[in-house]
Amino acid sequence: MSNNSMILSSRRAFLGATGKTLSATALAMVVGSNIKTAAAADASQDIEILNAAIALEHEGIAAYQIAATSGLLDPAVVDIGVTFQGHHKGHRDVLVKAVETLGGKPAEEKSLGAYAADLKASSLKNQVDVLRLALDLERGAANAYLGLIPSLGPDYHQVAAQMAGDEAFHAAILANALGQPIPKAALMFG
Amino acid sequence: MKKLSNVILCFSVVLISSSVVAKDSVNSSGREITQVTSQGDSVPPYAVSEQLVVKGEELYKRRCGGCHSLDNNRIGPRHRDVYGRKAGTVADYKYSKALRNLDVIWTDQTLDEWLVNPTAFAKGTSMGFRLKKADERHAIIEYLKFLSSASSANAQ
């Protein structure tokens with residue numbers, strides 16, 4: 001092999017290696033950029049869904065407040081309602097922290113009067129009416145959490161399932177208080 | 001439930017007395033249905049199945065009632081007349097950007113696709129709830145369709 005051909009060969013090897021290096025670098029940059037974009041989109045999607053869950057918890061907290069001050073409930077029932085309200089406050093706090101961690105702004109609560117209007121609180125005439133409304137909301141909330149888990153990022157699956165469990169627990173107590181029979185079929189929620 | 005049956009009965013009377021042609025028959029699953037010939041499913045009155053409407057009302061309360069009502073905006077927008085309406089257009093409801101920009105009319109097909117996976121249908125929506133069971137989606141959509149038809153009949 002002549003000196004010239006050796007030089008050419010070295011150049012080809014160098015350029016080939018550089019090309020491979022550049023390609024790998026460029027690919028890494030593109031992939032990295034795409035991953036960042038996808039992660040941002042996922043975070044943005046999670047913020048939207050978690051904020052809907054915060055709105056759900058705000059409404060639940062307000063519903064128990066309206067019920068507790070309605071004058072329609074026995075004192076013992078008020079105590080249970082206040083305990084359930086505390087659970088919803090706990091849910092709200094966890095969800096608010098999650099949204100803030102993702103860089104979002106947590107959904108704000110509406111006025112108590114607005115919730116009363118949304119839930120048609122003026123139509124509640126006795127304790128049974130209040131318990132039925134609470135049951136509908138808790139049952140709906142349990143189903144809502146179970147239904148949104150597949151749309152959430154995996155980091156939030158467990159917490160959503162935990163909240164669904166709490167809502168189902170509330171629903172079971174309320175259904176029992178209303179004398180409703182135990183469902184015969186399995187998989188009652190979701 | 002009895003109230004709903006009465007509404008359906010009244011609605012059926014309105015349909016029969018209107019200019020559309022209605023006839024009862026039995027579908028392949030043995031269910032009695034009310035067929036209504038109109039200008040297609042893009043314009044009310046819509047064809048509805050009474051049995052599915054009753055089932056849909058019950059399912060609506062359980063599956064959708066956590067966040068939605070028929071007449072009040074709550075976590076999600078109110079649902080009365082949603083069938084046949086353009087997405088993202090309920091007054092006084094603050095939609096996500098995804099829904100505001102969604103150029104879709106809610107029909108059997110679009111509602112079904114939406115309920116299967118809302119975040120795939122409109123990425124960035126605040127609704128994450130997915131309804132997996134096709135029969136439940138069908139019944140709920142039938143119920144919403146019935147409500148839109150009833151409103152249309154009342155308005156005429």
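Predicted, not measured: the structure shown is a model, and the values here were computed from it. Naming: A, B, ... by sequence-line order, numbering from 1 per chain.
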State, with a plain yes or no, whether a side-chain heavy atom of Thr119(B) is found less than 4.5 Å away from one of Ile49(A).
-> yes

Working to the nearest 0.5 Å, report the span between SG of Cys67(B) and CG of Leu148(A).
-> 8.0 Å

Under 4.5 Å to a heavy atom of chain B? For Ala144(A) that would be both

Cluster overlap Leu137(A) with Val77(A), hydrophobic side-chain contacts below 4.5 Å | yes

Just do the side-chain contact (heavy atoms from CB on, under 4.5 Å) check on Asn72(B) and Lys120(A) with the steps written out, would you?
-> CA-CA 9 Å; Asn72(B) 290 314; Lys120(A) 298 181 179 172; 3.8 Å; yes

Might you confirm whether atom CZ of Phe169(A) has over 12 heavy atoms from other residues, nucleotides or ligands at distances under 6.0 Å?
-> no

Consider only side-chain heavy atoms of I, L, V, M, F, W and Y, link residues closer than 4.5 Å, and tell whether Trp106(B) and Ile140(B) are in one cluster.
-> yes

How far does CD of Glu48(A) sit from NZ of Lys123(B), to the nearest 0.5 angstrom?
-> 11.0 Å

In Å and rounded to the nearest 0.5 Å, what is the CD1 to OG distance from Ile47(A) to Ser96(B)?
-> 13.0 Å

Are Phe189(A) and Leu178(A) connected, step by step, through hydrophobic side chains (Ile, Leu, Val, Met, Phe, Trp, Tyr) whose heavy atoms are closer than 4.5 Å?
-> no

Check Lys61(B), Arg62(B), Arg63(B) against Asn143(A) for a side-chain hydrogen bond (donor to acceptor under 3.5 Å, both in side chains) and give me the one that passes.
-> Arg63(B)

Sidechain-backbone polar pair: Gln45(A) side chain, Gly124(B) backbone, donor-acceptor under 3.5 Å = yes

Heavy atoms of other groups near Lys94(B) NZ, more than 12 under 6.0 Å | no

For chain B, which of Ala53(A), Ala142(A), Ala107(A), Gly140(A) has the most heavy-atom pairs under 4.5 Å?
-> Gly140(A)

Should His58(A) and Ile75(B) count as side-chain neighbours, where that means a heavy-atom distance under 4.5 Å?
-> no

Go through the atoms of Ala117(A) and report whether side chain, backbone, both or neither lie under 4.5 Å from a heavy atom of chain B.
-> backbone

For Asp92(B), look at atom CG and say whether over 12 heavy atoms of other residues, nucleotides or ligands are found less than 6.0 Å away.
-> no

For Leu56(A), is it the side chain, the backbone, both, or neither that has a heavy atom closer than 4.5 Å to a heavy atom of chain B?
-> both

Is atom CD of Gln180(A) surrounded by more than 12 heavy atoms (other residues, nucleotides or ligands) closer than 6.0 Å?
-> yes

Taking a hydrophobic cluster as the set of Ile, Leu, Val, Met, Phe, Trp and Tyr residues connected by side-chain heavy atoms closer than 4.5 Å, whether directly or through intermediates, do Ile54(A) and Ile61(A) fall within one such cluster?
-> no

Contact part of Asp71(B) toward chain A, heavy-atom cut-off under 4.5 Å: side chain, backbone, both or neither?
-> side chain

Is it the side chain or the backbone of Asp118(A) that comes within 4.5 Å of chain B heavy atoms, both, or neither?
-> both

More than 12 foreign heavy atoms under 6.0 Å from CG of Asp103(B): is that the case here?
-> no

Is there a path of hydrophobic side-chain contacts, each under 4.5 Å between heavy atoms of I, L, V, M, F, W or Y residues, that connects Phe146(B) with Leu115(B)?
-> yes

Does Arg130(B) reach the main-chain N or O of Pro150(A) with its side chain, forming a donor-acceptor pair under 3.5 Å?
-> yes

